[in-house]
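Taking it in order: structure first as structure tokens, then the write-up.
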Amino acid sequence: MASVSAFCYTGAQPVDILKIATFNINGIRSRLPALLEWLEREGPDVVCLQELKAPDAAFPINDIHAAGYGAIWHGQASWNGVAILAKGMDPLESRRGLPGDEGDTHSRYLEGAAHGVIVGCLYLPNGNPQPGPKFDYKLAWFERLINYAAGLYDSGHPVVLAGDYNVVPTDEDIYNPRSWLKDALLQPESRERYQRLLAQGWTDSVRARYPDERIYTFWDYFRQHWQKNSGLRIDHLLLNAELAPRLRSPGVDRWVRDRPRASDHAPTWIKLDLGAKEERSETAAQHAQAVQSSVNDYAWSR
């Protein structure tokens with residue numbers, strides 16, 4: 001299970017503004033150039049990737065290192081796969097896979113500490129076709145996430161749960177729900193579980209800042225949906241009570257979706273203010289280091 005990088009750690013400097021992104025890459029080997037271009041242009045501090053569609057041995061860690069990032073990853077041949085990248089450092093892994101089903105072989109959840117926060121990277125099952133066993137698996141996986149997330153929320157550490165949730169939360173998060181009424185992403189059971197997750201106290205970062213705007217993160221490859229902006233919002237970054245007050249701005253890097261042979265998702269990101277504006281840089285750095293020490297202790301205890 002060779003899924004931790006041996007990054008030449010040069011000392012990641014604490015930052016006042018932390019940028020965390022989630023991106024369903026839809027095949028990391030075929031879309032590595034697009035990933036590297038995005039990393040260079042946008043420079044996120046932490047990245048959650050989904051749908052690597054590659055076994056652990058095929059993860060392009062040398063290219064990731066060359067771009068200035070360390071990584072942990074949980075791969076799977078042809079399907080699924082998740083990874084966490086961190087600028088200038090190796091994330092410290094705290095969990096691989098959700099508890100509750102020892103027979104689940106899907107690579108869908110990875111968790112680690114990076115830049116002073118706990119990051120849970122997830123790829124929730126699609127669930128189609130429904131009804132059927134794939135939809136049953138989706139709902140069961142969602143229940144496991146809800147059960148585990150409750151303890152994570154109450155851990156007292158700054159936590160973000162980021163990834164492709166494969167859920168359209170409301171009809172305001174899709175261009176036209178009538179075309180998707182039978183899809184697993186819009187089923188009442190899927191939406192009810194997402195709302196139950198939020199009811200633990202998690203903040204949907206995009207909706208917290210833009211409650212009324214049509215914001216999409218996914219456009220499928222059919223019927224010119226990208227060209228017509230016929231999208232869905234299914235990539236979410238949820239914040240616990242320790243991080244929600246620090247949210248400054250979310251966004252979607254739509255330009256990535258417009259590249260040739262692009263993923264059908266665009267990177268979705270948030271910026272967090274980790275240092276009080278009145279602090280001098282030395283004080284802010286000391287605060288960030290204290291937080292990192294705390295989450296390191298948490299990671300090692302998992």
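Nothing fancy with the numbering, it's 1 onward along the sequence.
Across all non-hydrogen atoms, the minimal contact from Ser263 to Arg31 is N-NE, 3.2 Å. Asn128 approaches Lys182 most closely through the heavy-atom pair OD1-O, 4.3 Å. Closest of all the heavy-atom pairs between Gly75 and Leu52 is CA-CD1, 4.5 Å. When every heavy atom of Asn80 is checked against every heavy atom of Arg108, the shortest pair comes out as OD1-NH2, 3.1 Å. Nearest heavy atoms, Val159 versus Leu243: O-CD1, 3.5 Å.
Arg196 meets the salt bridge (charged side-chain N to carboxylate O under 4.0 Å, His left out) test with Glu143, Glu192; sequence neighbours excluded. Applying the side-chain contact (heavy atoms from CB on, under 4.5 Å) test to Ala266 and every residue at least two apart in sequence or in another chain returns Trp219, Val252, Arg257.
Between Asp104 and Arg144 there is a salt bridge, since a side-chain N of the basic residue sits under 4.0 Å from a carboxylate O of the acidic one. Classification of Arg207 and Glu172 as a salt-bridged pair fails, no side-chain N sitting under 4.0 Å from a carboxylate O. Of the charged side-chain nitrogens involved, none lies within less than 4.0 Å of a carboxylate oxygen, so that Arg246 and Asp16 do not count as a salt-bridged pair.
Counting heavy atoms from C-beta on, the side chains of His115 and Met89 come closer than 4.5 Å. At least one side-chain heavy atom of Gln200 sits less than 4.5 Å from a side-chain heavy atom of Ile146.
With hydrogens and angles left out, the side-chain atoms of Trp202 and Asn240 include no donor and acceptor closer than 3.5 Å.
Put simply, the residue from Asn166, Thr22, Asn24 that forms a side chain to side chain donor-acceptor pair (under 3.5 Å) with Gln50 is Thr22.
Note: Tyr221 and Trp226 fail the aromatic proximity criterion, with ring centroids not under 6.0 Å apart. Under the 6.0 Å cut-off for aromatic ring centres, His106 and Tyr137 qualify, their centroids lying closer than that.
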| request: Quick one: do Trp79 and Tyr123 satisfy side chain to side chain donor-acceptor pair (under 3.5 Å)? Show the steps, please. | output: CA-CA 11 Å; Trp79 310 99; Tyr123 176 48; over 6 Å; no
| message | If you apply the rule salt bridge (charged side-chain N to carboxylate O under 4.0 Å, His left out), what do you find for Glu37 with Arg259, and how did you get there? | response | CA-CA 11 Å; Glu37 179 189 13; Arg259 285 293 192 261; 2.7 Å; yes
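The OG1 atom of Thr170 sits 7.0 Å away from the CZ atom of Arg233 when rounded to the nearest 0.5 Å. With rounding to the nearest 0.5 Å, the separation of CG in Asn26 from CZ in Phe218 is 8.5 Å. Distance check: Leu49 CG to Leu35 CG gives 5.5 Å after rounding to the nearest 0.5 Å.
Cation-pi contact between Lys271 and Trp269: present, with separation from the ring centre below 6.0 Å and deviation from the ring axis of at most 45°.
His236 and Tyr194 have tilted rings, their planes meeting at an angle from 30° to 60° on a 0 to 90° scale. By the 30° and 60° cut-offs, the orientation of the rings of Phe59 relative to Trp73 is parallel.
No more than 12 heavy-atom neighbours from other residues, nucleotides or ligands sit within 6.0 angstrom of CZ on Arg178.
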Side-chain donor-acceptor pairs under 3.5 Å in residues 40-47, sequence neighbours left out?
residue	atom	partner	partner atom	Å
Glu42	OE2	Trp255	NE1	2.8
Asp45	OD2	Lys19	N	2.8

